[in-house]
Amino acid sequence: MTPARRLAAGAAALLAWEVAGRFGLVADGALPAPSAILARFWLDRADYPAHVLATVESAFAGFVLGNAVAIAAGLLFALSPAASRLARGVNIALFALPPIAVVPVLVLCLPGTAPRIVLAALGCYFPVMTATVLGLAQADPRAVDLVRAYGGGAGAVLRLVRWRSALPVVLASLRVAAPNAVLGAILAEFGGGGRSGLGAYLIGSLGRADPARLWGIGLAATAIAGLAYGLFAVLAARATGATRAVTIAAEATDAGERSAPPAWRVPLALGSLLLPFALWAGLVSGFDLPPLIAKTPLAVLDYLALGPTAPAAQARLIEALLQTLPLALAGLVAGLAVALTLALLGEVLPGLARLLMPLALVSQTMPLVALTPLLVLLLGRGVAVTLAITVSVTFFPAFVAIAQGLALVPRAALDLPRAYGAPWWKEIGLVALPAALPHLFAAARLGAPRALLGVMIAEWLATGRGLGNLLNQARGRLDYGMIWSVALISVLVSVALYQGVLWIERRTARRLGAG
Amino acid sequence: ATPLAFQASWINDAEFAGYYVALDKGWYAEAGLDLTYLPGGPDVIPESAIAAGKADLTLTTPDTTVQAITDQGARFKIIGAQYQKNPLGVVSLAGKPIRTPQDLVGKTLAVPPVNTTSVEAMLALNGIDKAKVAIVPYQYDPTPLIKGEIDASVDFVTNVPYTIKTQGGQEAVSFLLYDVGFTIFNDTVVVTEDVLKTKRKELVAFLGASRRGWVENLKDPAAYPPQFKDSHFKGTGRSIDNEVFYNAAQKPLIETPKGIFSMSEEDIDKTIEALGRVGIKARKDMFDTSLLAELG
Amino acid sequence: MSRGAAAPVLAPAPAQPAGERPGMRPAHDLAIEGVSRTFSVRGTPFQALDRVSLQAQPGSFTALIGPSGCGKSTILRLALGLDRPDAGRILIGGVEPREAARRGDTGVAFQDPALLPWRSVAGNIALPLDVLGRSRRAAAARIADLIALVGLCGFEHALPAELSGGMRQRVAIARALVTEPAVLFLDEPFGALDQILRRQMTVELQRIWLENRPTTLFVTHGIDEAVFLADRVVVMHSRPGRIAEIVPVEFPRPRAPTLLSDPAFHRLSDRVAAALHGGTGAP
Amino acid sequence: MSRGAAAPVLAPAPAQPAGERPGMRPAHDLAIEGVSRTFSVRGTPFQALDRVSLQAQPGSFTALIGPSGCGKSTILRLALGLDRPDAGRILIGGVEPREAARRGDTGVAFQDPALLPWRSVAGNIALPLDVLGRSRRAAAARIADLIALVGLCGFEHALPAELSGGMRQRVAIARALVTEPAVLFLDEPFGALDQILRRQMTVELQRIWLENRPTTLFVTHGIDEAVFLADRVVVMHSRPGRIAEIVPVEFPRPRAPTLLSDPAFHRLSDRVAAALHGGTGAP
Ligand SMILES: Nc1ncnc2c1ncn2[C@@H]1O[C@H](COP(=O)(O)OP(=O)(O)OP(=O)(O)O)[C@@H](O)[C@H]1O
Ligand SMILES: Nc1ncnc2c1ncn2[C@@H]1O[C@H](COP(=O)(O)OP(=O)(O)OP(=O)(O)O)[C@@H](O)[C@H]1O
Ligand SMILES: Cc1ncc(C[n+]2csc(CCO)c2C)c(N)n1
Ligand SMILES: [Mg+2]
Ligand SMILES: [Mg+2]
């Protein structure tokens with residue numbers, strides 16, 4: 001697509017949106033026309049600067065903090081498979097903890113804007129850490145051998161080869177981190193009781209039943225995230241160009257999630273499971289939280305298994321889990337399918353893909369709570385809306401990871417199918433996708449915890465079923481035993497999904513000779 | 001002046017207008033208090049704030065507070081009630097009115113998470129099987145109600161009819177849960193027993209100054225909200241008209257001849273009884289009316 | 001190596017019969033007409049090819065020889081449609097390179113073996129079949145023959161990482177031959193082989209080539225190889241890359257290995273060497 | 001190429017003087033003692049090396065020649081500490097390979113040039129300096145000399161993607177020489193070069209080698225190259241990879257290109273060829 005045609009297509013899409021909004025064609029007018037959003041924005045113009053500034057401040061601080069920690073952790077995990085294995089539980093927990101369970105505790109423990117910064121940082125941590133580990137692991141083995149042949153140790157390999165190989169992957173992951181940081185800040189503003197920030201503006205605006213205002217807020221958030229996204233997209237593309245291998249290394253590389261030495265496997269797996277609990281217990285006592293709110297692991301054990309509350313709690317949890325789990329699996333598959341489709345579209349019709357990017361970005365920064373009325377009007381309150389919400393929270397990190405993987409396929413590998421006149425799907429199916437397999441699996445590992453979270457969000461916002469609803473209602477009842485239990489279960493399920501993906505990945509790698 | 005931190009139960013709106021009046025008039029300072037006002041929000045759980053010591057006192061919904069005391073062993077005391085009658089009600093469109101609990105059968109009702117207990121109580125009190133009502137989550141955006149995706153929502157009747165009128169162009173029909181048997185207070189003023197012991201004087205001072213603020217505010221519900229346009233209500237995303245509506249609508253729910261915040265024996269009994277019928281075991285000793293008594 | 005019955009004959013009938021055996025895939029002619037290509041090397045333009053013209057008759061064998069960096073691989077990439085010339089055009093059997101590639105008329109071994117690390121030896125050899133949508137099963141015998149031809153029996157299931165450099169290059173040669181292309185491009189296919197194997201493979205290549213007589217463009221640094229195999233040796237010079245001389249080779253076929261010690265062979269080789277020396281040498 | 005004053009002399013004094021010029025990095029001996037290595041090729045064991053022993057005197061030049069897949073590259077990887085033998089051991093100047101590498105005593109050009117795509121030609125050549133923590137600035141002149149030596153003037157700032165196959169290989173050669181190693185490993189460094197350049201580089205390599213006399217292990221498929229450059233030619237056979245014969249080469253140095261047409265040279269070359277032919281050929 002030429003820039004002119006892309007512009008035309010963009011204008012056409014905007015026009016269609018305008019018509020749909022003006023004439024109330026979508027969801028009985030719950031989708032506002034762009035002009036209505038602009039008009040509302042103009043009326044509200046005095047409100048925005050302070051809110052935008054507050055959100056930018058928190059999001060930026062969280063972005064810097066989260067990414068710094070993520071990259072440092074990624075370095076550690078890349079150098080030490082044991083540390084990586086040990087921290088896996090904590091990592092997934094940080095990514096999988098539902099914000100609706102986390103924010104009340106953050107708000108209680110931390111002063112001022114700290115909860116916003118922490119939530120923004122949490123949104124960055126996992127994708128960027130994963131990308132760092134993957135990028136470092138994916139270094140060309142020939143280059144690694146070269147440095148080692150000159151006596152270079154892990155440090156020299158890291159300094160001269162690995163970090164530079166990781167650069168495009170890490171920069172690409174910052175494309176994910178940017179909207180996540182903005183959304184994280186907004187979510188904390190939304191619920192945290194502050195007076196500034198787009199999130200605070202949003203919670204006040206919800207009761208107005210004015211979609212134009214909500215879209216204005218969402219688009220302002222998108223604009224903030226979009227700037228950072230665009231910056232890192234350009235930087236990542238540049239870095240990719242000069243990182244892409246010219247020829248193909250004969251050895252396949254691993255995807256970063258290396259297994260630990262066999263003798264250590266069992267203790268590390270145990271440690272990985274126990275570490276989050278230890279951290280949890282430590283934080284609860286460290287912040288001196290009242291026992292009403294902050295349940296210790298033992299208190300949750302009591303609530304779930306030993307105490308008088310156990311039978312009822314178990315029954316409710318199991319019922320909820322049975323509602324949530326199948327949808328989470330379906331959502332994971334659907335989210336990855338969308339991610340893959342979008343990434344492939346980027347290869348085949350880059351113009352169209354670029355046209356879809358703003359839309360994808362909106363889906364990442366628009367707080368779902370603002371979209372709920374539109375979604376339930378369009379899709380009802382059943383499986384459709386659940387899958388839509390789940391896909392929307394799952395696909396983006398996976399999409400960016402896959403697209404980056406495809407962009408790094410060595411030139412020589414693609415020459416081969418092209419020299420035989422391969423149609424695009426064969427070029428991709430026979431060469432590009434297999435070559436990008438580590439990135440594909442990294443995408444799946446990113447998707448797994450998100451899928452569960454997505455279903456829980458849908459249950460919380462729209463369907464009123466499953467774990468999400470249980471959590472939501474437990475909050476209403478001040479039933480902290482149940483809140484912690486649901487959080488615990490959702491993390492355990494995420495860990496299980498993650499391990500499942502890892503298992504498939506290992507089997508595939510072994511079959512393809514990289515294991 | 002002694003510092004005192006007050007955790008509000010929601011974002012800045014007319015629900016807290018009385019406190020803003022007292023703040024702006026300097027009546028807390030006059031009463032010897034250096035009041036910190038903390039706005040609330042969906043993730044600020046008021047009971048948590050006082051339990052964690054972030055605030056000295058807060059406003060709560062009594063059902064959750066009582067449950068926290070009975071089930072979790074929290075050491076809370078209720079020392080006053082802003083709403084004599086809980087403003088929570090079932091709101092529907094005049095075109096498809098829901099006037100009684102019985103009308104809810106077979107309908108879809110949106111309920112905010114914090115109010116699930118109250119709604120289930122109301123249905124039980126009226127002999128309605130909750131399985132016959134499709135209860136879906138509610139996030140305080142009335143759009144699904146206006147568009148007819150749901151039949152009714154549980155919301156503050158002081159607030160949402162305004163939106164339905166301005167955005168939906170329709171009249172709202174509503175009934176209070178209170179009026180169908182769920183006779184509880186709301187925005188109960190709650191403290192921990194510790195604070196009650198150590199800051200009794202300040203709490204009394206707070207109640208006094210706040211009562212002054214509320215009396216002043218309710219004299220003319222249209223008077224104060226516009227004055228808060230560039231202070232307490234700045235940037236909330238809500239409109240001053242909405243706050244005026246809210247302020248007027250809440251007037252009858254707050255005012256009582258015994259003085260704002262008061263909890264009469266009779267009303268305490270009503271609250272205990274209503275909660276008791278859904279298994280929430282409130283007791284008289286959870287309510288401490290002695291501070292109000294000091295106000296006279 | 002027997003011709004797979006499954007391979008469809010897509011190309012139009014050639015202007016001149018390509019080979020002896022009936023039912024063969026007809027070879028195509030290759031026409032390179034005034035092709036120029038300028039790259040940008042770190043921002044500054046670098047003319048890799050300057051008006052290169054070369055006509056190859058159907059069923060002919062052309063060797064391309066020239067100093068490193070003179071544009072040999074660039075010509076191949078252009079002829080395969082992997083790159084586009086700035087001026088001039090290339091036609092294979094009268095059609096655009098990409099079209100010819102789509103029809104399955106071209107086969108190639110790149111200078112770098114470019115094996116897919118996740119595919120076994122047999123899988124890598126079969127890749128062109130997979131691309132062209134031809135049956136792997138029907139070609140199983142041919143694949144086995146090719147593996148034997150390049151001396152990799154017993155390594156069918158080995159992955160590239162488990163092969164030596166020379167073994168990888170041999171896989172690439174087998175892959176170039178698997179589709180029995182009408183036009184064959186080989187970019188220094190024997191560069192990583194020892195001299196014995198190289199000689200052996202040279203002789204084998206002649207044998208295979210005689211079976212189907214694909215129009216062949218053979219890039220090499222070995223003058224003797226070039227003279228032994230080709231109908232003519234195209235000598236290129238560099239900076240800018242251009243054709244300096246075309247030396248015809250008229251020994252009858254099949255050529256026996258004894259030809260390599262024939263004085264006439266040496267005379268021709270010396271002529272090619274002289275043509276090469278006339279160039280600027282390495283850039 | 002002049003010796004950079006900055007390069008530290010880390011190696012212990014050699015048992016025997018390595019060269020003529022004073023202040024030079026002393027060459028080390030290379031001792032390969034009964035080394036075996038068995039790989040697993042898709043699960044089945046494959047013996048790549050069978051009790052290979054080879055002693056190289058400090059300052060000696062050893063050519064390693066053998067059929068494709070006989071284990072030449074494997075020996076190099078073991079000697080560089082990139083892989084470990086199953087039996088036997090390798091010592092460089094009396095220390096473990098990794099230790100020697102850390103000291104900066106070794107230099108290598110792998111069979112696959114494997115340039116870092118993000119580094120320019122000059123940057124790639126400087127990589128070993130960066131690994132060893134030596135000053136790039138101090139070596140600037142040497143790098144420029146090496147770029148000229150391998151005929152890449154004007155391409156200093158080009159990226160690997162902008163080079164031809166032969167040009168990339170030449171970068172790898174320059175890179176192997178940049179540290180002026182005491183022990184030099186070259187794995188078919190001239191495989192992708194045309195014959196003229198190859199000859200030129202062979203002569204240049206002798207010149208450079210004579211300057212510092214690093215102990216050199218030179219893997220090649222070119223018998224004439226091997227005989228021209230080496231003190232002795234080690235001929236390997238394959239399956240399992242082993243040393244079949246060691247042919248000493250006693251022509252005085254420096255050897256002039258005219259040696260290549262000397263009958264004595266041809267006799268020796270034929271002896272090497274015969275030793276090679278005795279092997280099993282390609283696997
Ligand atoms: N990592 C590995 N895994 C399995 N087998 C291997 C591995 N590396 C080498 N081999 C096997 O060891 C043998 C020797 O390989 P090596 O690369 O040393 O050969 P070479 O002598 O360098 O050959 P060439 O001249 O073709 O480069 C080969 O048969 C190869 O299949
Ligand atoms: N993508 C590219 N970008 C910039 N320059 C290029 C590119 N590809 C090739 N060149 C330049 O074009 C010239 C010709 O390259 P080509 O690969 O065709 O050489 P060649 O004749 O195959 O050499 P060799 O024998 O070394 O393989 C070289 O000088 C190289 O620097
Ligand atoms: C004690 C108390 N609890 C909850 C809410 C939140 N809430 C319940 S209904 C409703 C709709 C009014 O806009 C809102 C915001 C509140 N305000 N006060
Ligand atoms: Mg080339
Ligand atoms: Mg080798």
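Letters go in sequence order (proteins before strands), and every chain restarts at 1.
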Under 4.0 Å between a side-chain nitrogen and a carboxylate oxygen: does that hold for A/E505 and A/R445?
yes
Under 4.5 Å to a heavy atom of chain A? For C/R119 that would be side chain
Of all of C/P160, C/A79, C/A100, which one pairs up most often with chain A through heavy atoms under 4.5 Å apart?
C/P160
Using heavy-atom distances under 4.5 Å, tell me whether A/A249 contacts chain C through its side chain, its backbone, both, or neither.
backbone
Can you tell me if A/R238 has over 12 outside heavy atoms packed within less than 6.0 Å of its CZ?
no
Electrostatic pair C/R136-C/D130, nearest N-O below 4.0 angstrom:
yes
Heavy atoms only, distances under 4.5 angstrom: which of A/L437, A/V246, A/D415 has the most pairs with chain C? Name it, please.
A/D415
Would you mind reporting whether C/L80 and C/F110 have side-chain heavy atoms less than 4.5 Å apart?
yes
Going by side-chain contact (heavy atoms from CB on, under 4.5 Å), A/I428 matches just one of A/L344, A/L414, A/V409. Which one?
A/L344
Could you check if a side-chain atom of C/T215 sits within less than 4.5 angstrom of a side-chain atom of C/D29, using non-hydrogen atoms only?
no
What option among A/P434, A/G429, A/A412 has the most heavy-atom pairs under 4.5 Å with chain C?
A/P434
Let me know if C/L132 has heavy atoms under 4.5 Å from chain A in its side chain, its backbone, both or neither.
both
Of all of A/P410, A/A419, A/P417, which one pairs up most often with chain C through heavy atoms under 4.5 Å apart?
A/A419
